[in-house]
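Each chain gets a letter, A, B and so on, in the order its sequence line appears, and its residues count up from 1. Just so it is clear, the model here is predicted, and its values are computed rather than measured.
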Amino acid sequence: MRQPLFKLKRLLQWYRRHRRDLPWRRTRDPYRIWVSEVMLQQTQAATVIPYYHRFLKCFPAVHALSRARPDRLMKLWEGLGYYARARNLHAAAKQIMTLHGGRIPRRPEVFSTLPGAGPYTTAAVLSIAFGAPMAAVDGNVKRVVARLYDIGRPILPNDKEITGIAQAVLEDGTDRQVTNAGDFNQAMMELGARICTPRRPACPRCPLRSDCRAFRAGTVLERPVSTPRAARPHLRVVAGVVKKNGRVLIGRRPDRGLLGGLWEFPGGKIEAGETPQQALRRELREELCVDTRVSPMAAAVRHAYTHFSVTLSGHLCIIRRGRLHPTVHSRLRWVKPAKLDSVAMPEANRKLLRELRLRNLI
DNA sequence: TAGCCGTGGGG
DNA sequence: TCCCCAAGGCT
């Protein structure tokens, strides 16, 4: 420890007084806490709340989740993003049923073998549900500690110094019986989410400001030190609404990779020198092995992903020749337009669908 | 290990 | 409009 410990009692007192009444704070069920922690990965609490309720209504316990049908699971996760989290949660539930008698493992070295359980999630679930003395280091904790100690270097993904400080403070607090591990971890994260925010920190209301080196040095807004990011490329993409007998064609994306397991309108990237219509005819030939007639653009939307952004133009299509044979999708389905709401689709496809419906094109 | 993996909100 | 960031993990 490079510095005397900050005043833990003030932090805990502040937490008891100002903590938000979040649904996963009303239970001690390790399964529910685990589900919440997975949903909260890279996702703000306010976004998670409705998903959390719907998910647990459908899958109230590990055994129910272990028997979930993938399409139903993905529909519940639709819009929450990072869909591998849902697939990992499902695989982990099966693993818990077959290997651990249906009970959430309490030992860190066992829990962390579950798919999707990294250092943060393992520490968070086991400390909150079982009181395990493990510091849960998320983005909030990194920011809070970087400011408290005025750390003038970039924080690494798995930062030993940050983890060491958080762990030492936690152990000091539990030794002196000032706190339990779960409350400490949640208090640190709550402080980061409510007071020690990235852009506009509320230092005057911070219970730790008298211990905060960055506050004293006037470097709060420069901590943590940020590293430059790569620019996001912009892609032009086409999607085909292939119609036949009052139904439209959708394909299920492969389980691995971007938007894995979600259903979409077939299509793909526009290559250099191609018109959107040419690109779509080529994509449908490559993806579905059929020759099509493609309309001019019917609607277009913009969407931003983490590493790139797209403009997605939608076109109405009919099949002229050939028998459907998917080369990239795991399955194809003809569905009535109204049924598109019951399958899990990427947000960009949802936007396009809304535009097409506004124009009565689907 | 650094790039990949979604979406919504805020400034 | 654009950029940053959010209760991270996997490969």
Side-chain angles (χ1 to χ4, degrees), chain A residues 15 19-20 22-25 33-52 74 77-89 91-92 111-128 134-144 154-159 162-163 166 182 184-194 196-201 221 224 226-234 253-262 264 301-311 344-351:
Chain A
Y15 177 63
R19 55 182 265 170
R20 290 168 291 179
L22 299 168
W24 42 91
R25 288 182 177 158
I33 292 166
W34 172 41
V35 169
S36 77
E37 287 301 340
V38 173
M39 288 186 169
L40 286 163
Q41 290 169 8
Q42 297 288 284
T43 311
Q44 299 188 118
T47 303
V48 166
I49 291 173
Y51 285 90
Y52 176 81
M74 297 315 289
W77 210 272
E78 179 186 51
L80 199 53
Y82 286 132
Y83 298 96
R85 293 184 294 174
R87 299 192 299 272
N88 286 335
L89 203 54
F111 187 94
S112 59
T113 66
L114 299 173
Y120 164 77
T121 304
T122 299
V125 172
L126 297 187
S127 68
I128 295 169
M134 310 172 68
V137 179
D138 73 333
N140 289 307
V141 175
K142 286 179 182 173
R143 185 172 58 256
V144 168
I155 306 302
L156 303 172
N158 202 335
D159 199 287
I162 301 278
T163 304
F184 169 76
N185 284 330
Q186 294 189 81
M188 289 288 280
M189 292 188 280
E190 191 81 353
L191 187 74
R194 307 274 293 183
C196 196
T197 57
R199 305 295 189 87
R200 193 184 285 267
L221 291 178
S226 59
T227 53
R229 326 199 140 190
R232 276 191 314 196
H234 185 82
R253 294 176 63 91
D255 277 316
R256 303 225 168 212
L258 183 69
L259 305 168
L262 273 62
E264 65 173 7
V301 297
R302 298 171 62 85
H303 189 73
Y305 296 88
T306 307
H307 283 75
F308 59 95
S309 60
V310 300
T311 56
M345 298 184 84
E347 181 55 25
N349 272 239
R350 285 274 166 230
K351 285 183 186 171

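The structure places CG of Asp255(A) at 8.0 Å from CE of Met74(A), a figure rounded to the nearest 0.5 Å.
Comparing dA7(C) with dC4(B), their P atoms sit 24 Å apart, to the nearest whole Å. Only the P atoms considered, dG6(B) is 14 Å distant from dT11(C), to the nearest whole Å.
For the pair Ile128(A)/Trp24(A), no side-chain contact is recorded, criterion being any heavy-atom separation below 4.5 Å from C-beta on.
One atom, CD of Glu37(A), and another, P of dA6(C), lie 16 Å apart when rounded to the nearest Å. With rounding to whole Å, His234(A) atom NE2 is found 12 Å from dT1(C) atom P. dA7(C) atom C1' lies 5 Å from atom CG of Asp138(A), rounded to whole Å. Between the CZ atom of Arg143(A) and the C1' atom of dA7(C) there is a distance of 11 Å, rounded to whole Å. Atom P of nucleotide dG8(C) and atom CG of Asp159(A) are separated by 15 Å, given to the nearest angstrom. Across the protein-nucleic acid pair, Arg302(A) atom CZ and dC3(C) atom C1' stand 14 Å apart, rounded to whole Å. Atom CE of Met39(A) is separated from atom P of dG9(C) by 16 Å (rounded to the nearest Å). For the pair Arg229(A) CZ and dC3(C) P, the interatomic distance rounds to 12 Å; values are reported in whole Å.
Here Glu190(A) pairs with Arg20(A), Arg25(A) under the salt bridge (Lys or Arg N to Asp or Glu O under 4.0 Å) rule; sequence neighbours left out.
Arg350(A) comes within 4.0 angstrom of nothing in the nucleic acid, heavy atoms only. Counting any heavy atom pair closer than 4.0 Å across all strands shown, Thr121(A) reaches sugar-phosphate atoms only and no base atom. Contacts of Trp77(A) with the nucleic acid, taken as non-hydrogen atoms under 4.0 Å apart, are absent. In this structure, Ile33(A) reaches neither bases nor backbone, as no heavy-atom distance under 4.0 Å exists between it and the strands shown.
Of all non-hydrogen atoms in Arg85(A) and Val38(A), the two that sit nearest each other are NH1-O, 3.1 Å. Nearest heavy atoms, Ser127(A) versus Met134(A): CB-O, 3.9 Å. Of all heavy-atom pairs spanning Leu40(A) and Gln44(A), the tightest one is CD2-C, 4.4 Å.
Heavy-atom nearest nucleotides on DNA chain C were determined for Gly116(A) and for Ser226(A), and the one closer to the 5' end corresponds to Ser226(A).
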inquiry  = Walk me through whether Tyr305(A) and His303(A) qualify under ring pair (Phe, Tyr, Trp, His ring centres under 6.0 Å).
reply    = CA-CA 7 Å; Tyr305(A) 296 88; His303(A) 189 73; 4.8 Å; yes
request  = Treat primed atoms plus P, OP1 and OP2 as sugar-phosphate and everything else as base, then score nucleotides 4-11 of chain B 5' to 3': B for base contact with protein heavy atoms under 4.0 Å, S for sugar-phosphate contact only, - for none.
outcome  = BBBBS-BS
